[in-house]
Colleague: 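This structure is in structure tokens; I'll ask about it shortly.
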Amino acid sequence: LIKTTKKYHVSFMPLKLSETLKDQLPAWLHPGAPPKTYHKGKNRCLEQTHKIKSVQDLRDITMRLTNQRMHQPRAPCPCDKCTEDQLAGCQNPHKCAQTAKNILDNLLPKFNPNTTPRKDNLTLMHRRLEKNARARTQPQGEVLFDPTITARDNLSDCFHIFTLPSRPLQIPAYRLRIPAVNRQMNNEALTIF
């Protein structure tokens, strides 16, 4: 299986990820983490004590940093979440939350759950999606092509073959607003059988 994967250049290369899929990605050995994102000493407590496995887990632990009324940036923080973590064996929950925030901040824009890519208006409207669903049940129904490039349902949809793993696209894909100079854009219907 690994030989076939290497032979056909199978790699994880999503064009654009939904927020849900970004949260499902692994926290450790993340595909969008540049070199020197992880530090063994700092991450040990996050892995072992806090049981961090996914990006969603990292986001959950960093939420306390935004609650300025309850959370205090010091080792014996009296907030509920930090107290729970201290009872679980964490020496400095604030430091762990800050480390988790640093990991999230270092993720490339395509994979970072805190960044929202530009809206590209490629996704069909809800009414058109419903019309397509009805058309698929009919023998001669016309389905309008959905040009969305955002992976929404499953991480397995993000694996592609015949890619160049040496040149991964690190920024989210989006549609250009203005066509190239001297380029005619024909808006004609295309029927595919």
Colleague: Got S11 and F159 here, is their nearest side-chain heavy-atom distance under 4.5 Å?
Modeller: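 No, their side chains stay 4.5 Å or more apart.
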
Colleague: R59 and D23: salt bridge (Lys or Arg N to Asp or Glu O under 4.0 Å), yes or no, with the steps?
Modeller: CA-CA 8 Å; R59 290 180 76 182; D23 286 341; 2.8 Å; yes

Colleague: Rounded to the nearest 0.5 Å, how far apart are CG of N106 and NZ of K36?
Modeller: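 Those atoms lie 12.0 Å apart.
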
Colleague: Report yes if some heavy atom in the side chain of K101 is under 4.5 Å from a heavy atom in the side chain of Q98; otherwise report no.
Modeller: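 A side-chain contact under 4.5 Å exists here.
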
Colleague: How many angstroms lie between NZ in K22 and CG in L155, if you round to the nearest 0.5 Å?
Modeller: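 Nearest 0.5 Å value for the NZ-CG distance: 12.5 Å.
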
Colleague: If you count the non-hydrogen atoms of other residues, nucleotides and ligands that lie under 6.0 Å from CD in E142, is the total more than 12?
Modeller: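 For E142, atom CD is not crowded (no more than 12 foreign heavy atoms under 6.0 Å).
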
Colleague: What's the shortest heavy-atom distance between F111 and G32, and which atoms?
Modeller: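 Residues F111 and G32, closest heavy atoms: CD1-CA, 3.3 Å.
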
Colleague: Please examine the side chains of D85 and T49, heavy atoms only from C-beta on, and report whether any two atoms are closer than 4.5 Å.
Modeller: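 A side-chain contact under 4.5 Å is absent here.
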
Colleague: Taking side chain as C-beta onward, heavy atoms only, is P93 less than 4.5 Å from K81?
Modeller: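 SC-SC contact between P93 and K81 ruled out.
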
Colleague: Please give me the minimum heavy-atom distance between P113 and L104, naming the atom from each residue.
Modeller: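 Reported closest heavy-atom pair: CG-CD2, 4.0 Å.
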
Colleague: Considering residues at least two apart in sequence or located in another chain, which fulfil the ring-ring contact (aromatic ring centres under 6.0 Å, His included) criterion with H50?
Modeller: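 Counting only residues at least two positions away or on another chain, H50 forms no ring-ring contact (aromatic ring centres under 6.0 Å, His included).
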
Colleague: Return the CG to OG1 distance between D153 and T20, rounded to the nearest 0.5 Å.
Modeller: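 It comes to 9.5 Å.
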
Colleague: Out of curiosity, Q56 CD to Q24 CD, how far, rounded to the nearest 0.5 Å?
Modeller: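 If I round to the nearest 0.5 Å, the distance is 9.5 Å.
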
Colleague: Around atom CD of Q91, are there more than 12 heavy atoms from other residues, nucleotides or ligands closer than 6.0 Å?
Modeller: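 Not buried by this count: 12 neighbours or fewer within 6.0 Å.
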
Colleague: Taking all non-hydrogen atoms of both residues, which atom of L58 and which atom of A100 are closest, and how far apart?
Modeller: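 Looking at all heavy atoms of both residues, the shortest contact is CD2-CB, 3.6 Å.
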
Colleague: Under the criterion side-chain contact (heavy atoms from CB on, under 4.5 Å), which of D157, N112, T150, L25 is the partner of L17?
Modeller: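 Exactly one option meets the side-chain contact (heavy atoms from CB on, under 4.5 Å) with L17, and it is L25.
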
Colleague: Taking all atoms of both residues into account, what is the closest heavy-atom pair of T83 and C77, and its distance?
Modeller: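 It is OG1-O, 4.0 Å.
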
Colleague: If only atom types and distance count, is the side chain of Y38 paired as donor or acceptor with the main-chain N or O of A33 below 3.5 Å?
Modeller: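 No; zero donor-acceptor contacts below 3.5 Å.
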
Colleague: Please report the interatomic distance CG(L107) to CG(N102), rounded to the nearest 0.5 Å.
Modeller: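 One finds 11.0 Å between CG of L107 and CG of N102.
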
Colleague: Can you find a pair of side-chain heavy atoms, one from V143 and one from R136, that are under 4.5 Å apart?
Modeller: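 Yes, close enough: below the 4.5 Å cut-off.
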
Colleague: With rounding to the nearest 0.5 angstrom, report the CD to CD distance, Q86 to E84.
Modeller: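 Spacing of CD (Q86) from CD (E84) equals 11.0 Å.
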
Colleague: With a sphere of 6.0 Å drawn around CG of L87, does it hold more than 12 non-hydrogen atoms of other residues, nucleotides or ligands?
Modeller: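 Yes.
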
Colleague: Can you pull out every ring pair (Phe, Tyr, Trp, His ring centres under 6.0 Å) where at least one residue sits in residues 127-148? Sequence neighbours excluded, please.
Modeller: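 Not a single pair qualifies under ring pair (Phe, Tyr, Trp, His ring centres under 6.0 Å).
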
Colleague: Are any of the side-chain heavy atoms of Q72 and C79 separated by less than 4.5 Å?
Modeller: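 The answer is no; the side chains never approach within 4.5 Å.
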
Colleague: Side-chain contact, heavy-atom cut-off 4.5 Å: L46 with W28?
Modeller: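 Yes. Closest side-chain heavy atoms under 4.5 Å.
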
Colleague: Minimum heavy-atom separation for A97 and T62, please, with both atom names.
Modeller: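 That would be O-CG2, 3.5 Å.
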
Colleague: With distance as the sole test, does H71 use its side chain to make a donor-acceptor pair with the main-chain N or O of L65 at under 3.5 Å?
Modeller: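 Pair absent, no side-chain N/O of H71 close to backbone of L65.
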
Colleague: Measure the shortest side-chain to side-chain distance between C82 and R64 over non-hydrogen atoms and say whether it is less than 4.5 angstrom.
Modeller: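 Side chain of C82 against side chain of R64, heavy atoms only: contact under 4.5 Å found.
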
Colleague: Okay, side chain of T115, backbone of P109: is any donor-acceptor separation there less than 3.5 Å?
Modeller: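 A pair under 3.5 Å: yes.
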
Colleague: Would you name the heavy atoms of H126 and E130 that are closest together and state the gap between them?
Modeller: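 Shortest heavy-atom contact: NE2-OE2, 2.7 Å.
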
